[in-house]
Amino acid sequence: MADLITLLSERLAAAFDTVAGTAGNDPVVRPSDRADAQANGALPLAKQLGRNPREVAEAVVAAAELDGVATAEIAGPGFINLTIDDDFLGATVASVAADERLGIARQASRRIVVDYSAPNVAKEMHIGHLRTTVIGDAVVRMLTFLGHDVIRENHIGDWGRPFGLLIQYLLDEAAAGTIDLEHLPLHALDDAYKAANTRFAEDPEFAERGRARVVLLQQRDPETIALWTRLVEASEDYWTELYGKLGILLTNDDVVGESFYEDLMPKVVQQLHDAGLLQESDGAQVVFPPGFTNRDGDPLPLIVRSSAGAFTYATSDLACVADRTGRLGADTLVYVVGAPQSQHLAMVFAVSEMAGWLTPPAEAVHVPFGNVLGPDRKMLKSRSGDPVRFIDVVDEAITRGVAAVAEKNPELVGDARESIGHAVGIGALKYFDLSTDRIKDYVFDWDRMLSFDGNTAPYLQYAHTRICSLFRRAEVDRATVRSLAPQVREPAERALAVRLLGYEAAVLETVERYSPHRLCTYLYELSSDFTAFYEHCPVLRAESDEIRLSRLALSDLTARVLAHGLGLLGIEAPEQM
RNA sequence: GCUCCAGUAGCUCAGUCGGAUAGAGCGACUGCCUCCUAAGCAGUAGGCCGCAGGUUCGAUUCCUGCCUGGGGCGCCA
């Protein structure tokens, strides 16, 4: 435990209890711009005791055991400003540097299913898949690092009427000789998917054959399933390519599509019936979870079987919950799904609890996010008005990253330019998405995301490369500086050291709220602190060997935290750029 | 109509469990490279924290109401 806030809180809590004469008082220690930290707890305590706040603060300081840790000073109406002792600061930094986990302990392991990305078979992924994919992947990486048993699930759309229609369309076209079933690239499937829907609406004979094909699919007719399987495989190949370029952990092993839940849905409905939760409403089988109302103020149903007898996406989502807590034994279900699904998921979770599929302490969490907007502040569209293809965005990010690297550092050529440019471009794309509060919409802007100034991936990556460059020039093995306690004297050194010790809190806070932008903000502040340090404190030309090594130690830990933090976000940290 | 989310500098965004003088980046203006990567650093200017009440020693933060924008509200997923 290297977190200064926690450490100071513990030290001061005892003093607060002594002064208050009661237990459990909160010292309210917070980061401060006037000291390394400040304790605000004396003000409410004074109020409670009916005493003067400054007197209370003084009594607390007198009772506090801070020797060798920090000095305290009363300021203003009763704030306690805390300044960490330089030696203690250096020693604490050293304890983090000696730890491969950078001071972050493993948590009590939970089994956590993270549901993210969720593309559709035979359809292009579009810009709408960017956020769920990137945020979900960062969440997976962070939870895994904290020691949890994380199960990635890619809940693909692979079943139901659209696929019956698509298959019938493909068979018709193959018979007419306009399509080669042996050669079905994804863009052709995407076209066919749309064409099948159009033909369904316009051609009654096709509509009839299509419906029949839907039934054959449901019945798992071998010929139909054979073609369906190829559609799925073609789509998986496509996703694999995209995820590979983007650096996403999802693989085909993580695919659990709607088709998987097909068999479970009758059981789900049966269990709802057995539990007495099922009601008939306008010919549909529904559950009314308490607390949800429709536009007329009447109870709002979750429809698990339509009046036509079909299962709905609600049924499939319920089956999903039951499967994840049941078969997989998950404690926590995380859904990285857009904000518009908020009510739907809340209802699914509510019904799951009613049915006993989601029993505390098991919990389901919706991690919602806003939209990616175009310059007109509306949903991002391509010039033609079609949705922007995800793969095009990924490719353009790489192209722009390579171009940026080529421009800034012409000496980098060949494979190095390509791979570093890739890391910069993809990093920029991901970081731009992750660095704003996920609940808000953001305006997509290539220039800003690839800027080397401000809160961007290239800025962070550059800070990292500067440190790597220092070590190349110093000809010092980085591992050798990890066992020494840096001297922390200069303001820029202190600021950097204090920031380094905040990494644990930043990560824990980020995970607790499933808000990657908190980690981004931390890493940006760390980079800023480092560049200020780099500017004001000569490293290689320090006045003594001792200070040189000390500053190399601070630099090394900074680079490790940067690379590690970026890694948790799914972003690479090249050694040069 | 009900409900969820958002509203902070000209622009793009942070702001932790209620703490002191609300912070960055861009843009504007000033300085700083014979010196570890100037892809940078230091500084200046720029604010009705949507509006109005309330709670509190203290409110951008919590509560209520309103305004603006977006989403959701029975058989699509």
Side-chain angles (χ1 to χ4, degrees), chain A residues 5 26 28 30-34 38 40-41 43-44 46-47 53 75-79 81 118 120 157 159-162 258 281-286 292-298 300-314 316-317 338-344 346 368 370-371 373 377-379 404-405 407-409 435-437 439-443 445 447-448 451-456 458-459 461-463 465-467 469-474 492 505-506 509 513 517-518 520-521 524-525 528 531-542 548 551 555 576-577:
Chain A
I5 301 293
D26 184 2
V28 196
R30 299 284 182 270
S32 175
D33 49 0
R34 298 164 184 243
Q38 62 184 62
N40 305 326
L43 286 95
K47 181 76 178 173
F79 299 108
N81 287 342
N120 258 293
W159 202 249
R161 201 191 72 153
E258 285 162 352
S281 174
D282 296 338
Q285 299 293 310
V286 308
F292 295 90
T293 54
N294 67 14
R295 65 182 79 238
D296 300 319
D298 298 326
L300 184 66
L302 191 69
I303 297 170
V304 297
R305 189 152 213 176
S306 76
S307 54
F311 298 122
T312 68
Y313 72 113
S316 138
D317 285 341
Q341 303 258 29
S342 175
Q343 187 184 49
H344 166 71
N371 296 314
L373 306 179
R377 295 207 69 99
K378 293 185 175 171
M379 296 275 282
V405 169
E407 185 198 332
K408 303 283 190 183
N409 189 352
S435 62
T436 55
D437 191 355
I439 199 64
K440 296 182 181 177
D441 297 344
Y442 72 84
V443 177
D445 185 334
D447 291 335
R448 209 161 40 239
S451 167
F452 290 79
D453 297 308
N455 189 11
T456 66
Y459 178 84
Q461 289 169 323
Y462 178 59
T465 63
R466 283 182 129 177
I467 297 169
S469 167
L470 272 180
F471 277 91
R472 280 195 297 271
R473 285 173 181 268
E509 230 170 58
R513 298 163 189 243
H517 84 283
R518 290 188 169 267
C520 294
T521 301
Y524 173 57
E525 287 169 342
S528 298
T531 46
F533 159 82
Y534 182 84
E535 208 61 42
H536 295 111
C537 300
V539 177
L540 300 183
R541 292 189 318 277
R548 183 170 182 264
R551 289 180 179 165
S555 300
Q576 54 175 333
M577 58 191 274

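Letters A, B, ... are given to chains in the order of the sequence lines, protein chains preceding strands, and every chain is numbered from 1.
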Participant: With rounding to the closest Å, how many angstrom separate the C1' atoms on B:G27 and B:C13?
Facilitator: 15 Å

Participant: Return the value, rounded to whole Å, for the distance between atom CG of A:Asp437 and atom C1' of B:G7.
Facilitator: 13 Å

Participant: For a quick check of understanding: with a heavy-atom distance under 4.0 Å over all strands, which category does A:Ser281 fall into, base, sugar-phosphate or nothing?
Facilitator: base

Participant: Any side-chain N or O of A:Arg518 below 4.0 angstrom from OP1/OP2 of B:G15?
Facilitator: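 Result: yes.
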
Participant: Between A:Ser435 and A:Asn455, what is the shortest heavy-atom contact and its length?
Facilitator: CB-ND2, 4.2 Å

Participant: Write down the distance separating the P atoms in B:U55 and B:U60, rounded off to the nearest Å.
Facilitator: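 Result for the P pair: 16 Å, nearest Å.
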
Participant: Look at the side chain of A:Thr456 and the backbone N and O of A:Tyr459, then say whether any donor-acceptor pair between them is shorter than 3.5 Å.
Facilitator: yes

Participant: What contact category does A:Asn81 fall into here, base, sugar-phosphate, or nothing, at under 4.0 angstrom with non-hydrogen atoms?
Facilitator: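 Answer is base: heavy atoms of A:Asn81 come under 4.0 Å of a base.
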
Participant: Rounding to an integer number of angstrom, what distance separates B:G70 and B:G31 when you compare their P atoms?
Facilitator: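 These two P atoms come out 46 Å apart once rounded.
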
Participant: Respond yes when some side-chain nitrogen or oxygen of A:Arg466 is under 4.0 Å from OP1 or OP2 of B:A38, and no when none is.
Facilitator: yes

Participant: Does A:Arg161 make a side-chain donor-acceptor contact with the base of B:C76, cut-off 3.5 Å?
Facilitator: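 Answer is no: no donor-acceptor pair is held.
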
Participant: Flag as yes if A:Tyr313 stacks onto the base of B:A77 (centroids under 5.5 Å, planes under 30°), otherwise no.
Facilitator: no

Participant: Of the listed nucleotides (B:A39, B:C2, B:C36), which one gets closest to any side-chain atom of A:Thr293?
Facilitator: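 Between B:A39, B:C2, B:C36, the one nearest the side chain of A:Thr293 would be B:C2.
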
Participant: Any side-chain heavy atom of A:Thr531 within less than 4.5 Å of one from A:Arg466?
Facilitator: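 Yes, at least one pair of side-chain atoms sits under 4.5 Å.
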
Participant: Work out how far the P atom of B:C4 is from that of B:C63, and round it to whole angstrom.
Facilitator: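 Going atom to atom, P in each nucleotide, I get 12 Å.
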
Participant: Look at the side chain of A:His517 and decide which nucleotide, out of B:C41, B:C75, B:A14, has an atom nearest to it.
Facilitator: B:A14

Participant: Side chain of A:Tyr524 only, please: which of B:G72, B:G25, B:C75 is the nearest?
Facilitator: B:G25

Participant: Hey, is the side chain of A:Lys440 poking within less than 4.0 Å of OP1 or OP2 on B:U12, counting only N and O atoms?
Facilitator: no

Participant: Just N and O in the side chain of A:Arg30: are any of them under 4.0 Å from OP1 or OP2 of B:U61?
Facilitator: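 So the side-chain polar atoms of A:Arg30 never come under 4.0 Å of the phosphate oxygens OP1 or OP2 of B:U61.
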
Participant: Is the phosphate of B:C41, meaning OP1 or OP2, less than 4.0 Å from a side-chain N or O of A:Thr531?
Facilitator: yes

Participant: Taking A:Arg377 for its side chain and A:Val443 for its backbone only, find out whether a donor-acceptor pair lies under 3.5 Å.
Facilitator: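 No: the side chain of A:Arg377 does not pair with the backbone of A:Val443.
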
Participant: Could you please name the option among B:C36, B:A39, B:U12 that lies closest to any side-chain atom of A:Arg377?
Facilitator: B:U12

Participant: Taking the minimum atom-to-atom distance to the side chain of A:His536, which one of B:G19, B:A42, B:C17 wins?
Facilitator: B:A42

Participant: Could you work out which one of B:G19, B:G74, B:A77 sits closest to the side chain of A:Phe79?
Facilitator: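 Closest nucleotide to the A:Phe79 side chain: B:G19.
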
Participant: Applying a 4.0 Å non-hydrogen cut-off, can you work out what A:Pro31 is touching in the nucleic acid: base, sugar-phosphate, or nothing?
Facilitator: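 Answer is base: heavy atoms of A:Pro31 come under 4.0 Å of a base.
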
Participant: What's the gap between B:C49 and B:C62 when it is taken at their C1' atoms, as a whole Å value?
Facilitator: 16 Å

Participant: Determine the Euclidean distance between corresponding P atoms of B:A77 and B:U61; express it in Å to zero decimal places.
Facilitator: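 Between the two P atoms, the distance is 42 Å.
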
Participant: Between A:Tyr442 and B:G70, is there a contact of a side-chain N or O with OP1 or OP2 at under 4.0 Å?
Facilitator: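 For B:G70, neither OP1 nor OP2 has a side-chain N or O of A:Tyr442 closer than 4.0 Å.
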
Participant: Keeping A:Ser528 on the side-chain end and A:Tyr524 on the backbone end, is there a donor-acceptor pair under 3.5 Å?
Facilitator: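 Flag set: sc A:Ser528 to bb A:Tyr524 pair under 3.5 Å.
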
Participant: Any side-chain heavy atom of A:Arg473 sitting closer than 4.5 Å to one from A:Leu540?
Facilitator: yes

Participant: What is the base-pairing partner of B:C35, counting Watson-Crick and G-U wobble geometry with both distances under 3.5 Å?
Facilitator: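 Its partner: none found.
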
Participant: B:U37, OP1 or OP2 - any side-chain N/O from A:Ser469 closer than 4.0 Å?
Facilitator: yes

Participant: Can you find a heavy atom in the side chain of A:Val405 that is under 4.5 Å from one in the side chain of A:Glu407?
Facilitator: no

Participant: Of the options B:G1, B:C75, B:A6, whose atoms approach the side-chain atoms of A:Ile439 most closely?
Facilitator: B:A6

Participant: Nearest to the side chain of A:Gln38 - B:G19, B:C35, B:C73?
Facilitator: B:G19

Participant: Identify the nucleotide, in any strand shown, that forms a Watson-Crick or G-U wobble pair with B:G53, with both distances under 3.5 Å; if there is none, say none.
Facilitator: B:C63

Participant: Out of B:A39, B:C75, B:C13, which has the shortest distance to the side chain of A:Thr436?
Facilitator: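 Closest nucleotide among those given: B:C13.
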
Participant: Tell me which nucleotide among B:C75, B:G1, B:U37 gets nearest to the side chain of A:Arg472.
Facilitator: B:U37

Participant: Considering only atom P, compute the distance from B:A22 to B:G50 and round it to an integer number of Å.
Facilitator: 15 Å

